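Step one of this worksheet: look at the structure below.
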Amino acid sequence: AVHTSAEMLELAAGIALWSCPPHIKIPGVVGLAALRGIRAKLREREEELGNNNNNGDATSARDEVVVRWDDVRMTIQPTKKEKKKLGAEAKPKRILDGVSGAAKPGRLLAIMGPSGSGKTSLLNALAAQVPRSKRLTLSGTLRHNDVSVGKDTRRNRKLLNDAVAYVQQQDVFYSQLTVRETLETAAAMRMPTSRYTQPQRSDAVDDVLRAMGIAHVASSKVGDVKTRGVSGGERKRLALACELVGGSPHVVCCDEPTSGLDAFQAQRVVESLKKLASDARRTVVCSIHQPRGSIVAMFDDLCLMANGRCVYQGAWSDAGEWFERLGHPIPSNANPAEFLVDLVSVDTSSDAKQKESEARVDALAAAWDKRGRDDAGADAENDADASRSDGPEGVSVPAASANRRAGLAAQFFMLLKRSWRQVRRDGATNKIRLSTSMNSALVFGSIFWRMGLTQTSIQDRLGLLQVSAINAAMAALMKTLTAFTSEKVIVNRERASGSYGMLPYLAAKLCAELPVGAFFPLAFGAVVYPMAGLHPRADRFAKFAGLIVLESFTSSAIGLAVSSVAPSTEAAVAMGPAVMVLFIVFGGYYVNADNVPLCFRWINKCSLIKWAFQGLCVNEFAGLEFEKSGKKYGDQSDGGVVLERLGFDGTSAGDAAREQMNVASFCYLLTLYLLEKNAPRFQSMEP
């Protein structure tokens with residue numbers, strides 16, 4: 001609560017400073033950023049001191065890690081809606097219930113069970129990546145060798161980032177990069193130039209390409225739904241390779257690595273995991289759903305889950321004997337994995353079958369609970385003896401862990417290269433954006449063809465400038481909303497592993513998109529300006545184009561800020577236009593700035609449409625003289641009169657541009673703040 005209050009005070013102070021004059025705003029914001037950094041460093045130091053006091057002897061490295069979890073419980077509280085609907089019957093939902101077990105180096109552990117049995121929840125807990133939630137409670141003990149790492153502290157997070165690789169079920173990559181370029185970026189994140197040479201990083205990439213069996217597609221684009229790329233199995237192995245390059249973590253967790261793959265591709269993926277465990281002596285844990293027989297033969301250990309409880313955890317070769325003792329022998333002609341999953345599934349086709357299957361599952365869980373704890377205690381003693389005899393105690397740390405994160409400059413150039421490749425090669429999107437810009441320019445140019453200097457052309461000019469401002473803003477906004485929410489999935493995954501900071505990422509993204517982002521509004525202006533017959537001077541066209549480009553980047557900044565808080569692409573697409581509608585209403589065309597109520601003046605000040613429209617109007621109407629219509633009333637003799645009626649008199653295009661930059665820079669800083677605030681945070685496992 002104290003941390004949240006401090007963040008809200010920082011945000012309020014930042015907004016207040018941004019509304020001040022530049023000589024107060026700039027030093028104030030710099031000072032606030034410095035204060036925020038100092039406070040974060042102090043908090044990190046306090047956590048490190050506290051953890052060093054508790055684990056002062058757990059600093060040395062081991063090459064192999066035994067992962068042990070004891071009495072892991074996870075519950076989620078009902079929502080307010082459920083409490084209101086069910087009343088006293090609304091009870092916490094049990095996701096994991098006293099699960100214990102161990103995963104050992106050199107062995108492949110498969111977590112199996114029917115849907116909803118807790119496989120992914122357990123895997124998240126073992127990888128220490130359970131998303132933080134106020135409704136969630138996570139308890140138990142997670143240890144690497146003899147060191148507890150379940151508590152979500154900065155020290156433990158750094159150790160886990162070095163020691164654990166987590167390959168999630170969702171494979172998301174930059175689609176326009178090749179397989180090799182994707183791995184080179186991952187290697188650059190984990191192998192800074194201060195410790196590794198370029199040949200060493202290239203060798204590391206080549207080694208993991210060969211080890212994962214994807215060397216033959218190294219030059220192929222990764223691809224997505226729009227771009228043809230590598231196959232699903234090759235994407236899975238690429239995801240695994242990205243986690244292994246540059247240090248080879250000692251614990252590898254994979255969430256359903258065979259999901260969505262055909263039998264052959266699934267076989268190749270599991271073969272890679274088996275080879276990693278047996279040859280590299282890594283501790284490999286994966287959740288898997290009903291694998292084929294040839295895949296089952298590669299498993300060394302099994303953790304069978306049912307309704308959040310463990311019904312077996314141990315060597316796969318001993319599973320048949322255990323279930324036979326309980327009266328459930330595995331048929332010789334059946335797939336053992338399918339048989340066991342069916343055995344622990346609840347049949348809801350009828351009340352009688354449901355009761356029968358629930359009783360069977362409860363009996364299996366109770367039997368294992370009785371024996372499993374004794375076996376776990378014996379294994380713990382054996383592991384402790386092995387640890388004492390093999391060497392010093394502690395968490396396994398890869399060779400690159402002493403300085404896994406590159407410096408700010410290295411991060412910036414690495415991310416700049418990746419973003420530029422993605423933007424430049426995305427031909428399909430760029431063609432669509434160009435055609436859309438050209439279509440809009442041709443339509444507007446045809447409607448407002450060769451406007452003269454008659455009195456009626458004043459309204460036409462105002463309409464063209466308004467729709468030009470709206471068109472540029474909406475085009476940039478929608479592109480950002482759809483692209484960044486998808487990219488945020490990749491960014492959050494990489495941030496969870498501590499690969500880079502948000503400042504170099506955002507700066508690199510903006511620099512990479514600058515040339516391409518400026519091209520489309522420039523193309524629009526180059527077509528519509530001469531077609532409509534706007535002010536025929538080169539300097540006026542340059543200002544027109546500059547204002548449109550600047551508005552486009554300001555709209556992108558707003559899109560970034562909205563996408564930073566939106567949970568999905570659909571939510572971002574719904575939120576963004578709603579914000580833009582307000583800016584359009586207060587854009588200077590529909591409501592005169594002098595007539596805006598005091599309570600809404602702040603929207604008027606923040607409206608990028610208003611500042612773009614104002615700048616375009618000043619640029620167009622200043623110095624223009626209009627023909628008289630011959631009517632007694634209503635004529636406006638020159639552009640100055642038009643600007644006065646709009647409330648834009650006494651201003652310049654430069655003033656509007658500065659206000660646009662003010663809005664854009666505020667939105668960029670707000671985006672940076674929101675990304676930092678909404679960084680992936682994980683639930684602590686309380687003893």
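In this text, all values refer to a predicted model and were calculated from it rather than measured experimentally.
- Because its NZ or CZ atom is not both nearer than 6.0 Å to the ring centre of F299 and within 45° of the ring axis, R292 does not count as a cation-pi partner of that residue.
- Under 4.0 Å is where a charged nitrogen must lie from a carboxylate oxygen, and between R418 and E494 at least one such pair does.
- At least one side-chain heavy atom of M212 sits under 4.5 Å from a side-chain heavy atom of L244.
- Interatomic distance, CG of N124 versus OH of Y166, reported as 3.5 Å (0.5 Å rounding).
- Side chains of Q169 and S259: a donor-acceptor N/O pair is present below 3.5 angstrom, by distance only.
- Annotation: side chain of P521 is in contact with side chain of V549 (closest heavy-atom distance under 4.5 Å).
- Judged by distance alone, with hydrogens and angles left aside, the side-chain atoms of S419 form no donor-acceptor pair with the main-chain N or O of L416 at under 3.5 Å.
- Annotation: side chain of V67 is in contact with side chain of L142 (closest heavy-atom distance under 4.5 Å).
- We find the CZ-OG distance between F484 and S564 to be 4.5 Å, quoted to the nearest 0.5 Å.
- Ionic pairing of R190 and E243 is present here: one or more N-O contacts between side-chain nitrogen and carboxylate oxygen are shorter than 4.0 angstrom.
- The heavy-atom pair separating L273 from P257 by the smallest distance is CD1-CG, 3.9 Å.
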Inset, instruction - Applying side chain to side chain contact (heavy atoms under 4.5 Å, CB included), run through Y174 and E487 and close with a yes or a no. - result: CA-CA 8 Å; Y174 283 86; E487 184 178 338; 2.9 Å; yes
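- Here R282 does not pair with E64 in a salt bridge; the nearest charged N to carboxylate O distance is not below 4.0 Å.
- The closest donor-acceptor contact from the side chain of E184 to the backbone of S202 lies at 3.5 Å or more, if one exists at all.
- Separation of atoms CE (M502) and CG (L675) is listed at 6.0 Å; rounding is to 0.5 Å.
- Side-chain N or O atoms of R433 include none that pairs as donor or acceptor with a backbone N or O of F520 at under 3.5 Å.
- Expressed to the nearest 0.5 Å, how far NZ of K488 lies from OG of S568 amounts to 8.5 Å.
- Here the closest non-hydrogen pair linking A315 and R107 is CB-NH2, 4.1 Å.
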Legend entry - Test side chain to side chain contact (heavy atoms under 4.5 Å, CB included) applied to V72 and L126, step by step: CA-CA 10 Å; V72 176; L126 300 186; 5.7 Å; no
Inset, instruction - Mind running side chain to side chain donor-acceptor pair (under 3.5 Å) on T141 and D70 for me, showing each step along the way? - result: CA-CA 5 Å; T141 304; D70 297 309; 5.3 Å; no
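- A donor-acceptor pair is defined here as one N or O able to donate and one able to accept, closer than 3.5 Å; no such pair exists between the side chain of S499 and the backbone of R495.
- Nearest heavy atoms, L123 versus C254: CD2-O, 3.2 Å.
- Between the OG atom of S117 and the CG atom of L304 there is a distance of 8.0 Å, given to the nearest 0.5 Å.
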Inset, instruction - Check the pair Q683, S133 against side chain to side chain donor-acceptor pair (under 3.5 Å), reporting the backbone distance first and the verdict last. - result: CA-CA 7 Å; Q683 197 83 10; S133 172; 6.0 Å; no
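- For the pair E271 and K275, the salt-bridge criterion is not met [side-chain N within less than 4.0 Å of a carboxylate O].
- Although no hydrogens or angles enter the test, the distance criterion places no donor-acceptor pair under 3.5 Å between the side chain of D300 and the main chain of S317.
- Here the side chains of N492 and N678 are not in contact, with every heavy-atom distance at 4.5 Å or above.
- Atom CG of N145 and atom NE2 of H250 lie 10.0 Å apart (nearest 0.5 Å).
- Although no hydrogens or angles enter the test, the distance criterion places no donor-acceptor pair under 3.5 Å between the side chain of T283 and the main chain of V251.
- Residues E181 and K221 are not paired through a salt bridge, judged by the lack of any N-O separation under 4.0 Å between the basic side chain and the carboxylate.
- In this structure a side-chain-to-backbone donor-acceptor pair under 3.5 Å is present from K119 to P114.
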Inset, instruction - Mind running side chain to side chain contact (heavy atoms under 4.5 Å, CB included) on L302 and Q313 for me, showing each step along the way? - result: CA-CA 6 Å; L302 170 67; Q313 207 283 318; over 6 Å; no
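- Between the side chains of Q265 and R268, no donor-acceptor pair is found at a separation under 3.5 Å.
- Under a 3.5 Å cut-off, the side chain of R493 and the backbone N or O of V172 do form a donor-acceptor pair.
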Legend entry - D206 vs R180, side chain to side chain contact (heavy atoms under 4.5 Å, CB included): CA-CA, chis, key distance, verdict: CA-CA 9 Å; D206 292 336; R180 179 178 293 278; 2.7 Å; yes
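- Heavy-atom minimum distance, T480 versus G559: CG2-C, 3.8 Å.
- The main-chain N or O of V423 is found under 3.5 Å from a side-chain atom of N430 such that the two form a donor-acceptor pair.
- Residues P291 and M112 have side chains in contact (heavy-atom distance under 4.5 Å, counting atoms from C-beta outward).
- Inter-residue side-chain proximity for T485 and V573 is flagged as unmet; no heavy-atom pair is nearer than 4.5 Å.
- When side chains are defined from C-beta on, F412 does not count as touching L503, because their heavy atoms never get closer than 4.5 Å.
- The shortest non-hydrogen separation linking A557 to A664 is CB-O, 3.8 Å.
- Using a 4.0 Å cut-off between charged side-chain N and carboxylate O, K104 and D301 make no salt bridge.
- In this structure, the side chains of C511 and W420 stay at 4.5 Å or more apart for every pair of heavy atoms.
- Atom NZ of K274 has more than 12 neighbouring heavy atoms from other residues, nucleotides or ligands inside a 6.0 Å radius.
- Taking both residues in full, the closest heavy atoms of F173 and C242 are given as CE2-SG, 4.1 Å, listed atom of the first, atom of the second, then distance.
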Legend entry - Intermediate values then yes/no, salt bridge (charged side-chain N to carboxylate O under 4.0 Å, His left out), D146 and R143: CA-CA 6 Å; D146 58 351; R143 289 177 290 164; over 6 Å; no
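- Formation of a donor-acceptor pair under 3.5 Å by the D426 side chain with backbone atoms of Q422 is not found in this model.
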